[in-house]
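First up is the structure itself, then whatever we jot down about it.
Just so you know, these numbers use all the heavy atoms, side chains as well, and skip hydrogens, waters and symmetry mates.
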Amino acid sequence: MASFNKRLLVAILLLLISLAIQISDGEMEQWCVADEQTPDNELQAATDWACGKGGADCSKIQLNQACFWPNTTKDHASYAFNSYFQKFKNSGGSCYFNGAAIVTDLDPSYNSCQYEFIP
Ligand SMILES: *[C@@H]1O[C@H](CO)[C@@H](O)[C@H](O)[C@H]1NC(C)=O
């Protein structure tokens with residue numbers, strides 16, 4: 001009886017630990033993308049800033065690069081916003097862009113277009 005209880009206790013502890021790891025992982029993985037409701041002209045202005053003074057890496061949204069297609073203002077904004085956010089979130093950068101951006105916990109990557117995630 002005593003050894004059964006011990007095993008049960010160990011099993012429950014292992015389960016709780018793996019649950020805790022899953023939950024903390026889930027909370028940590030966040031990307032920054034364009035808010036669907038933001039008009040294209042605002043997204044474009046924010047993208048220009050992110051890719052310029054903001055210091056985001058926008059090489060992948062250039063023609064013939066992995067994230068150029070779909071060639072839409074919204075998709076390119078999402079890539080630029082996320083690049084900026086991942087690069088600077090640990091030093092005070094935020095996913096805001098005058099309200100043009102939102103945080104998501106769904107990885108926006110598709111096909112060969114990988115959205116960066118930095119812990
Ligand atoms: C990409 O989209 C822009 C803006 O709509 C357009 O001017 C440009 O021609 C497009 N490029 C290609 C290769 O379709």
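Here the side chain of Asp57 pairs a donor or acceptor atom with the backbone of Ser59 at under 3.5 angstrom. A donor-acceptor contact shorter than 3.5 Å links the side chain of Asn90 to the backbone of Pro119. Gln86 places a side-chain N or O within donor-acceptor distance of the main-chain N or O of Ile118, the cut-off being under 3.5 Å. Side chain of Lys89 to backbone of Ser94: no donor-acceptor contact under 3.5 angstrom is found. In this structure, the side chain of Asp75 does not engage the main chain of Trp69 through any donor-acceptor pair within 3.5 Å.
When all heavy atoms of Ile61 and Cys67 are compared, the closest pair comes out as CG2-O, 3.7 Å. Looking at every heavy atom in both residues, Cys32 comes nearest to Phe81 through SG-CB, 3.8 Å. The heavy-atom pair separating Tyr110 from Pro70 by the smallest distance is OH-CD, 3.5 Å. Between Ser78 and Ala34, the closest heavy-atom pair is OG-N, 3.0 Å. Shortest non-hydrogen contact noted between Ser112 and Ala66 is O-CB, 3.6 Å.
Side-chain contact annotation: Asp35 with Thr38, donor-acceptor N/O pair under 3.5 Å absent.
One finds the OG atom of Ser109 at 8.0 Å from the OH atom of Tyr115 (value rounded to the nearest 0.5 Å). Distance CG/Asn82 to SG/Cys95: 8.0 Å, rounded to 0.5 Å. Distance CG/Asn71 to CZ/Phe68: 3.5 Å, rounded to 0.5 Å. Summarising the geometry, atom CG belonging to Asp40 is positioned 7.5 Å from atom OG1 belonging to Thr72; distances are rounded to the nearest 0.5 Å. Annotation: the span from Leu106 atom CG to Glu29 atom CD amounts to 11.0 Å, rounded to 0.5 Å.
Using a 4.5 Å heavy-atom cutoff, the side chains of Tyr79 and Thr47 are not in contact. The shortest side-chain heavy-atom distance between Pro39 and Leu43 does not fall under the 4.5 Å cut-off.
With sequence neighbours left out, Lys60 forms a salt bridge (Lys or Arg N to Asp or Glu O under 4.0 Å) with no residue at all. Remark: Gln62 engages no residue in a side chain to side chain donor-acceptor pair (under 3.5 Å) (not counting sequence neighbours). Applying the ring pair (Phe, Tyr, Trp, His ring centres under 6.0 Å) criterion to Trp49, with sequence neighbours excluded, gives Tyr84.
Hydrophobic clustering keeps Tyr96 apart from Val33 (ILVMFWY residues linked when any side-chain heavy atoms are closer than 4.5 Å, directly or through intermediates).
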### Query
Can you list the steps and then say if Trp31 with Phe117 is a ring-ring contact (aromatic ring centres under 6.0 Å, His included)?
CA-CA 7 Å; Trp31 293 263; Phe117 172 76; 5.6 Å; yes
